[in-house]
Amino acid sequence: MQKWTLQIQSVIYHNWQKDLYRNLESIQLAYRANKSSGGPVDKIIFRYGDASKEPVFNEQEVAALKQQFAEDIEIHYEFFGFNSGTAKGHNLLGKQCTADYMMIMNPDVLLQSNFFTEIFRPFQNETLKAGIAEARQTPVEHPKRYNFETGETSWAATASAVFPTSLFNQLDGFDEETFFMYCDDVDFSWRARLLGYQVIYCPAAVIFHAKRIRAKGGVQSTEAERYYSAEAALLMAYKFSNPSELDKLMGMFSMGDNRYALKALNEFKRRQQNGSLPEQLDAEHKVAQFIDGYYSRNRYSL
Amino acid sequence: MKTLYKSEYAQYNMLDYAMKLIGEVDLASKHILDIGCGYADIAQTLAKNHQYIGITEDEQTFQLLKSKDIEVHLYNRQNEQDIARYATGILSKRSVGLVCMFDYLGATQDPQALLEQLRGLCGELGAELLLSVPNIAHQDIAFKLLEGRFDYTQNGLLCSSFNTFFTQEKLAHMLKNSGFKETARNDYILEQTDQGFPKDSTLLSPSSLVYKHLSHVKRTIDPFAITYQFVRIYAALSEIKTEEAPVTKEERPFLSVIMRTQGMRMVAFREALLCLSAQTNTDFELLIVGHMIDNAVHEKVEALLREMPQALQDKTRIIKVNYGNRTAPLNEGFAHAKGEYVSIYDDDDIVFDHWVETFYKLYKKSPGCILHAYAATQRWYQKEKADGGVELSAASEMGLEYCMEYDPVNQLRENRCPTMSLAYPTYPFQKYNIRFNETLTTIEDWDFLMRTAALCGVADVPEVTSIYRLWIVGDSSRSIHSQNEWDINFHTSQDALDRNPVLLPSGSIQLIDELVQDKDEAESIEEDKGYSKLYYDKDGDGIKEEFCEKRFIRKARQNIDLTYYNMSSYPETYEVRWDPTEYEGVALQHFEAVIDYGDTIETVTAQDVSTNGNVAGDLIIFFCPDPQMTIPVKRGKCIQSIRIKGVYSREITGEMMEQAARVMSEAQIQEAEVRFQQERDSLQHQINLLSIRPPGFFARLRSRMSGRKE
């Protein structure tokens with residue numbers, strides 16, 4: 001079996017150290033399981049980009065962390081000194097990547113032990129032109145539709161997604177000018193697909209991603225999530241050449257009393273006036289999907 | 001202790017129990033040494049059949065037994081600490097097979113010291129020790145304490161001469177710590193004791209509801225609730241074994257997670273473990289109970305566990321259970337649990353990261369209660385891949401049918417709480433012996449929940465902490481067991497619960513009131529179904545719909561006494577048919593129709609009518625909709641009135657099932673089933689089918705018939 005080196009990167013923002021330790025421990029266990037079963041990952045380089053106001057780890061703690069996991073993971077820690085958001089943060093980390101593959105990961109997820117074996121399967125399948133492989137999240141699985149035979153799907157969530165470093169370079173990373181922390185992964189996926197790559201969903205590669213659902217249904221979200229998802233929705237509709245979707249969203253955002261939507265709309269208008277909106281893509285609507293507020297057809301609604 | 005002669009006092013009856021035990025001891029030519037022989041009757045009975053030596057402190061008893069030529073010795077209780085030496089002295093090397101103390105242990109100054117002496121004595125003599133000791137925890141005493149009463153009596157349970165009172169636990173503890181091992185027991189069981197006064201006390205009246213409830217609770221939690229006396233034989237051990245130290249607080253986790261597995265869904269199992277490794281509150285232990293698993297599966301389970309973080313491995317034990325149905329591993333798991341609480345998390349479900357944390361926070365608010373959080377449901381499928389691997393994927397949105405507060409009334413009808421949505425206090429299981437019923441192949445969790453909730457109550461938190469996976473492909477308990485099996489188990493369990501009063505939490509009256517209001521509204525919609533109708537043939541041309549009188553029967557169960565008067569307006573009557581209702585699943589007990597012909601009165605019973613129901617003695621059960629009874633009348637005579645009496649019920653109870661099962665044949669059940677189906681089909685357009693329950697009562701009936709055959 002072919003072996004690859006992998007850079008895993010996480011942008012952290014005021015995370016609890018214990019959550020980060022637990023995440024690293026799960027990577028270590030998965031890596032060891034991969035090694036003992038002759039799996040595809042030869043070496044792991046782990047890069048933290050800390051976007052917090054104050055460093056999450058001090059120098060001694062970083063040293064201890066590196067030492068603790070040295071046998072299995074080469075850890076790097078960088079304090080950005082500003083709130084980079086995810087797109088810019090991952091670009092900063094990705095530019096330092098020398099590994100064959102990159103994995104974008106939320107810092108608080110836990111990997112299942114067979115994770116690496118499963119997430120690399122699409123890249124070993126010669127019948128596919130796999131660009132990005134995405135993990136299945138538990139306890140709340142994303143409902144987007146995928147091909148049950150091939151795993152092909154619309155886009156990959158970077159809660160945990162793997163792609164060749166060459167693709168990252170080819171795409172010039174994430175669109176950090178347009179997206180702060182939401183839809184950077186949808187944009188990245190769609191741009192990869194415009195180049196002819198497939199996005200492959202891997203239900204057998206499982207990560208635990210802590211989410212909560214409300215007693216009356218629906219996933220609980222934070223204020224930041226509500227604002228940035230609204231802002232990203234407008235930008236995605238614009239960037240992927242869907243004026244009717246954009247009009248619809250702008251109409252909705254202007255009429256409602258949702259302060260996050262109003263704020264997002266104002267930000268979009270500001271960019272419009274400044275001429276800082278992104279270059280438009282996919283004029284022929286080959287990859288982009290805007291369906292009931294989602295970027296894919298879904299198997300069911302959450 | 002004063003001398004007693006006659007059996008007016010319950011202690012004397014204890015002798016019957018003791019004699020049975022004595023009969024099992026190989027006494028041969030050995031003596032019985034009776035220390036503290038205060039009951040002359042007992043001494044005389046024993047002396048008749050055995051070589052008897054009594055020791056008493058009571059002068060009157062001494063004189064009486066002496067006069068009967070029974071060997072007895074008088075000693076001073078002040079010398080209690082030397083009783084072994086004293087006994088050795090009077091025995092003069094005679095052999096003794098049994099040392100007895102009837103109700104004497106509690107009267108001594110220092111029972112522990114006395115027992116330690118007796119261990120030496122019994123050891124030297126090679127004798128066993130027989131004790132009878134009144135049970136201070138008898139329910140009569142417990143109930144009287146509720147009234148604020150604690151009545152010493154001259155003799156009996158609360159004998160005024162006792163210095164020490166015993167419960168089962170105290171007796172066992174003391175005997176063990178004195179170097180004795182119990183070898184046989186024949187405890188004296190007595191429900192109404194000498195403490196049953198005042199006679200008119202509500203708490204002591206067996207027919208009162210509160211007595212029934214308290215007695216049920218007491219018997220549930222204390223197997224010795226109506227044990228009047230502990231009557232037991234002990235062997236002296238060569239050394240004293242001190243009791244094991246209890247588990248300390250530090251060693252005891254908050255939650256024991258019981259995960260049943262048969263190794264059928266290893267992929268889901270791995271995910272279930274991942275969810276546990278993500279818990280924000282780690283104060284739990286994991287008991288993986290492998291049920292009927294072979295070594296290969298056991299090794300797979302161990303291998304999966306080795307993939308988990310060390311912290312999770314360290315708090316996990318694997319227990320193998322190689323017997324019973326799916327209920328057995330639950331009992332084993334609960335028995336091994338060290339946690340203060342226990343939750344059952346099956347190996348194919350999912351929990352959120354705050355699952356344990358949510359239970360813990362609720363426990364802090366409501367210690368002692370069953371803890372209940374919300375569980376979402378979701379349909380999942382399992383796909384076999386070409387490479388032999390397995391993929392799991394969700395196939396539906398989250399269902400919220402179990403995301404609601406625990407409803408103690410609705411819960412009586414159906415289980416709305418998946419196992420991992422509940423955490424049970426360990427105490428009732430481990431101390432009150434409330435177990436899962438291993439005869440149940442399904443609904444074992446509901447049955448256990450209802451019995452435990454009746455004691456603990458349920459505290460709620462409106463947080464979704466788990467996902468109950470409903471598998472689209474593959475086996476689940478829903479698909480493995482037939483609907484009939486579910487019905488039988490449910491009704492068996494419900495019948496058992498219904499034999500005793502049920503304690504409902506505060507707020508239940510409101511819930512019941514709402515239910516009754518809903519029911520009344522439903523009844524008004526289907527009002528016609530609730531009418532009983534008397535039809536008559538006034539001209540010999542048969543029953544006609546227009547010649548009918550209606551009476552509404554509102555309640556689901558009520559005594560009926562209905563009189564139909566205006567039949568005299570018809571000069572002749574040829575046939576009379578009474579339809580008690582339109583509903584199926586109806587029973588009529590003690591049916592009687594009194595027909596007044598003006599000059600004569602005739603009474604007709606269930607045995608006389610012709611009916612589409614099934615008659616069992618004075619009970620008629622109508623399994624099918626549209627029940628009918630044709631009442632025999634004198635053809636052509638004028639009827640002044642017909643009075644119909646009986647007990648009407650729209651629920652076929654377990655007792656009625658028993659009655660029907662005694663007389664019905666399989667052919668009759670099959671016939672009723674066919675008729676049910678036919679009636680259901682014909683009524684399809686008239687009645688909302690949702691109101692027709694599935695014919696679970698046929699399964700219940702068959703289960704009782706098979707029980708009868710066994």
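Only this structure's heavy atoms are used, side chains among them; waters, hydrogens and symmetry mates stay out.
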**Request:** Using a cut-off of 6.0 Å, state whether more than 12 heavy atoms not belonging to B:Lys365 lie near its atom NZ.
**Result:** no
**Asked** Between B:Gln279, B:Glu463, B:Met308, which residue shows the highest count of heavy-atom pairs closer than 4.5 Å to chain A?
**Response** B:Gln279
**Request:** Count the heavy atoms belonging to other residues, nucleotides or ligands that lie under 6.0 Å from CD of A:Gln67, then report whether that count exceeds 12.
**Result:** no
**Message:** Show the nearest heavy-atom pair for residues A:Glu149 and B:Lys383, with the distance to one decimal.
**Reply:** OE2-CE, 3.8 Å
**Request:** Could you have a look at A:Pro203, A:Ala204, A:Gly218 and say which one has the most heavy-atom pairs with chain B under 4.5 angstrom?
**Result:** A:Pro203
**Complete:** Pair count under 4.5 Å, heavy atoms only, with chain B: among A:Ile213, A:Asp108, A:Leu110, highest is A:Ile213
**Distance (rounded to the nearest 0.5 Å) between A:Ser113 OG and B:Leu304 CG** = 7.0 Å
**Message:** Between B:Arg306, B:Gln310, B:Glu271, who has the most heavy-atom pairs with chain A when the cutoff is under 4.5 Å?
**Reply:** B:Glu271
**Among the listed options B:Gly389, B:Cys403, B:Ala394, the residue most often paired with chain A at heavy-atom distances under 4.5 Å** = B:Ala394
**More than 12 heavy atoms of other groups within 6.0 Å of A:Phe69 CZ** = yes
**Message:** Counting only non-hydrogen atoms closer than 4.5 Å, does B:Ala386 touch chain A with its backbone (N, CA, C, O), its side chain (CB onward), both, or neither?
**Reply:** neither
**Complete:** So CD1 of B:Ile350 and OG1 of A:Thr138: to nearest 0.5 Å the spacing works out to 3.5 Å
**Prompt:** From B:Arg379 CZ over to A:Tyr300 OH, what is the distance, rounded to the nearest 0.5 angstrom?
**Reply:** 13.0 Å
**Request:** Give the member of B:Pro462, B:Ser396, B:Ser466, B:Pro309 that has the highest number of heavy-atom pairs under 4.5 Å with chain A.
**Result:** B:Ser396
**Message:** Is it the case that over 12 heavy atoms from other parts of the model lie below 6.0 angstrom from the CD atom of B:Glu384?
**Reply:** yes
**Asked** Rounded to the nearest 0.5 Å, how far apart are CE of B:Met404 and NZ of A:Lys216?
**Response** 12.5 Å
**Atom pair CZ/CG of A:Phe208 and B:Leu276 - distance to nearest 0.5 Å** = 9.5 Å
**Item:** Side-chain heavy-atom pair A:Arg212, B:Asp353 within 4.5 angstrom cut-off
**Value:** yes
**Request:** Drop me the distance from A:Phe115's CZ to B:Glu307's CD, to the nearest 0.5 angstrom.
**Result:** 14.5 Å
**Request:** Please report the shortest heavy-atom distance between B:Val464 and A:Ala215, naming the atom on each side.
**Result:** CG2-CA, 3.7 Å
**Request:** Name the region of B:Tyr374, side chain, backbone, both or neither, that has any atom closer than 4.5 Å to a heavy atom of chain A.
**Result:** side chain
**Prompt:** For A:Leu29, is it the side chain, the backbone, both or neither that has a heavy atom under 4.5 Å from a heavy atom of chain B?
**Reply:** side chain
**Request:** Examine whether an atom of A:Glu141 lies under 4.5 Å from a heavy atom of chain B, and if so say whether it belongs to the side chain, the backbone or both; otherwise answer neither.
**Result:** side chain
**Prompt:** Which atoms of B:Leu392 come close to chain A, meaning under 4.5 Å heavy atom to heavy atom: side chain ones, backbone ones, both, or neither?
**Reply:** both
**Message:** Quick check on B:Lys361: does its NZ atom have over 12 non-hydrogen neighbours (other residues, nucleotides or ligands) under 6.0 Å away?
**Reply:** no
**Request:** Select, from A:Arg299, A:Glu25, A:Gln112, A:Arg32, the one with the greatest count of heavy-atom pairs under 4.5 Å involving chain B.
**Result:** A:Gln112
**Asked** Can you tell me if NZ on B:Lys315 sees more than 12 non-hydrogen neighbours from other groups inside 6.0 Å?
**Response** yes
**Message:** Looking at every non-hydrogen atom in both residues, tell me the closest pair between A:Arg22 and B:Ser277 and how far apart they are.
**Reply:** NH1-O, 3.3 Å
**Item:** A:Gln28 versus chain B, the contacting section by heavy-atom distance below 4.5 Å
**Value:** neither
**Prompt:** Any chance the side chains of B:Ser393 and A:Tyr146 put a donor and an acceptor closer than 3.5 Å?
**Reply:** yes
**Message:** Minimum heavy-atom separation for A:Lys211 and B:Phe352, please, with both atom names.
**Reply:** O-CD2, 2.9 Å
**Request:** Look at atom CG of A:Asp292 and say whether more than 12 heavy atoms of other residues, nucleotides or ligands are closer to it than 6.0 Å.
**Result:** no
**Request:** Step through the shown structure and confirm whether more than 12 heavy atoms of other residues, nucleotides or ligands are within 6.0 Å of CD on B:Glu414.
**Result:** yes
**Request:** Would you indicate whether the side-chain heavy atoms of B:Met398 and A:Arg214 approach each other to under 4.5 Å?
**Result:** no
